[in-house]
Each structure stands twice: as C-alpha cells, then as structure tokens.
Amino acid sequence: MTGNIDPEKVSNAVNDIAEGGSAAEKWLPRRGGHSGAPLRAILPVDVFGQPADMDAICHIAAAHDLKIIEDSCEALGATYKGNPAGTLGDYGVYAFYPNKQITTGEGAVILTNDDQAANFMRALRNQGRAPGDTWLQHTYLGYNYRLDEMSAALGRVQLTRLQEMVLKRAQVADWYTERLSQISSVEVPQVAGKTTQMSWFVYVVRFAPELDRDAIAQLLGERGIPARPYFLPIHLQPYMVERFGYRTGDYPITEDLGKRSLALPFSSVMTEDQVEQVCQALHLVLCK
Ligand SMILES: Cc1ncc(COP(=O)(O)O)c(C=O)c1O
C-alpha cells in the first residue's frame with residue numbers, strides 16, 4: 001500500500017455525493033463544512049514523493065465534470081507512466097520549503113494549462129491586480145502571495161540540480177530498502193508499477209500492528225537517531241475535529257497507517273555508512 005488516495009474510494013464517494021441524501025452523508029463533514037454546494041474538485045496528494053494513481057482519478061473526474069488539483073508538493077521530479085507528477089490534473093502544486101527536494105526558502109508554484117485561471121491566480125497573488133492593472137488598481141480582492149525575486153533566483157539555480165537530488169535520494173532509499181526489507185516486522189515503502197520515477201521526499205517505514213511505533217522512535221532517539229512518527233491524519237487534527245466534527249474511526253485505513261509509520265533520517269547527503277548506522281540501531285531496538 002502506497003498511502004496514496006484510493007481511486008475506488010474516490011469513485012464511491014463521488015457517486016454517493018452525486019446521489020445525495022444518506023449515501024452522501026458518510027463522506028461529508030458532520031458539521032460546518034458542507035453548505036450544499038456541489039462537489040467541484042478532487043485533490044490527490046502525491047504522498048512522500050510517489051504520484052497518486054492519476055489515470056483512475058482523471059477518469060472519475062472526467063465522468064463527473066470535476067477539476068483535479070494535484071498536490072505534488074512532495075513529488076517534484078517524480079514521474080507517473082513517464083509524465084511529470086504535477087502536470088496530470090487541471091492544476092498542480094509544488095512547494096519549496098527547505099525540507100523539499102529543492103528549495104526557495106519559502107514559497108510554491110501552481111501549474112496549469114488554463115490561461116484564464118493562470119491570469120486569475122497571478123492577480124490573486126498580486127493583491128488582486130489583473131493583467132493590465134496599474135500598481136494602484138485592484139480588479140479583485142487579492143493577497144500578497146508573491147514569491148520574492150531572491151527566493152526565485154535561488155529556486156532557478158536549485159532547479160538545475162533537481163535530477164541530481166532525485167537520483168541521490170533514490171540511492172539513499174535503495175540503501176535503506178536493501179537492509180530493511182529483510183526484517184519481517186518492518187514494511188518498507190512500496191513503489192507502484194505506474195511510478196516510473198520516485199522522487200523520494202522522506203523514507204517512511206511501517207511496523208507490524210503489535211509493535212509500539214512511538215516507543216521505537218523513543219528508543220532510536222536515545223541512540224542518537226532522530227526518527228519522526230508520521231503522522232496524525234488530517235481529519236484528526238484539532239482544528240478539523242472542532243470545525244467539521246470528524247472522529248476517530250471515520251477513516252480507519254488512514255488512521256492505521258498514521259499509527260504505524262515512522263520517518264527515518266533521510267536526505268540527499270546521507271552516506272551508506274549513516275544508513276547502515278540507522279538500520280543497525282533499528283535492528284537492535286526491534287530485538288529488545
Ligand atoms: C503534500 C504537501 N502539501 C502542501 C504542503 C505545504 O507546502 P508549504 O509549506 O509551502 O505551504 C506540503 C509541505 O510540506 C506538503 O508536503
């Protein structure tokens with residue numbers, strides 16, 4: 001299981017929501033979020049650098065006249081059946097915070113082939129100035145979401161190193177997988193058949209259900225290995241619980257993955273010795 005959105009469940013949800021009534025209820029927030037507005041878009045996330053199954057999602061979107069916003073923030077450089085992640089829906093998003101494959105410090109970009117939408121988004125990011133507006137003219141209500149020039153300059157240079165970063169990260173992931181796939185209580189990340197290039201964002205393993213992931217992270221920490229429990233599902237974030245009324249049990253597969261997953265130390269500059277050190281520490285902790 002990749003952890004990406006399941007097209008079959010998307011299809012069920014879209015059909016149920018189109019039908020309305022009680023069929024729709026299980027997919028919608030209990031409170032706050034649903035004003036009866038029609039469903040407009042599907043938002044697949046390319047989790048941990050692996051493209052979502054976009055063929056299936058595009059098929060569903062086309063059948064129901066929905067837009068696709070592809071969140072490829074973690075997957076710049078990845079390809080799906082040879083095509084770049086982020087270019088497969090109506091809109092694609094890449095983010096450039098320093099933990100990403102390449103960085104601009106802060107900031108992000110949106111990709112689209114829709115010129116009208118692109119112009120609108122350019123206006124929104126630039127305090128509502130439409131193309132052709134003067135500096136003191138604001139056709140729309142907008143925001144200051146501009147990526148500044150210094151950050152953009154950094155990004156342009158970083159972009160020349162994207163492929164190098166992708167390959168280095170793939171090497172580090174391979175070192176991990178070689179060592180960890182031997183351990184029966186550890187599930188290593190799976191690469192789907194349609195993923196022609198992973199762009200490893202993080203290296204996340206899952207433990208057998210009977211193991212205590214948080215205790216393992218703690219013991220690794222005591223050995224000087226920083227590992228991060230990955231992570232509280234979005235519907236259980238305090239804001240989402242409070243605002244929309246989601247509860248534990250609403251999305252059991254997500255919750256299960258969220259309880260069993262651990263991100264191991266990972267970067268493009270890790271050496272094979274360092275990977276070995278992490279794997280040995282994990283091995284010792286698991287044998288305790
Ligand atoms: C999948 C995904 N979407 C969106 C974001 C948000 O990006 P930013 O930090 O640039 O707002 C991130 C950042 O980590 C991400 O991983």
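The residues of the chain are indexed from 1 along the displayed sequence. Atoms within a ligand are numbered from 1 in the order they appear, just like the ligands themselves.
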- Message: Using 30° and 60° as the class boundaries, would you call the ring planes of Tyr251 and His235 parallel, tilted or perpendicular?
- Response: perpendicular
- Query: Where does the angle between the aromatic ring planes of Phe266 and Trp200 fall among parallel (under 30°), tilted (30 to 60°) and perpendicular (over 60°)?
  - Reply: tilted
- Message: Restricting to side chain to side chain donor-acceptor pair (under 3.5 Å), what partner residues turn up for Thr254, sequence neighbours left out?
- Response: none
- Task: Taking ring-ring contact (aromatic ring centres under 6.0 Å, His included) as the test, write out the residues that go with Phe96, two or more places apart.
- Result: none
- Item | Contacts of type ring-ring contact (aromatic ring centres under 6.0 Å, His included), residue Tyr140, not counting sequence neighbours | Phe120
Output block, N or O contacts of ligand 1, threshold 3.5 Å exclusive:
residue  : atom   : partner : partner atom : Å
ligand 1 : 3 (N)  : Asp71   : OD1          : 3.2
ligand 1 : 3 (N)  : Asp71   : OD2          : 2.7
ligand 1 : 14 (O) : Lys100  : NZ           : 2.5
ligand 1 : 16 (O) : Glu74   : OE2          : 2.7

- Message: I'd like to know whether Glu25 forms a salt bridge (Lys or Arg N to Asp or Glu O under 4.0 Å) with Arg30, so could you lay out the CA-CA distance, the side-chain angles of the two residues, the decisive distance to 0.1 Å, and finally the verdict.
- Response: CA-CA 8 Å; Glu25 263 163 38; Arg30 284 192 186 79; over 6 Å; no
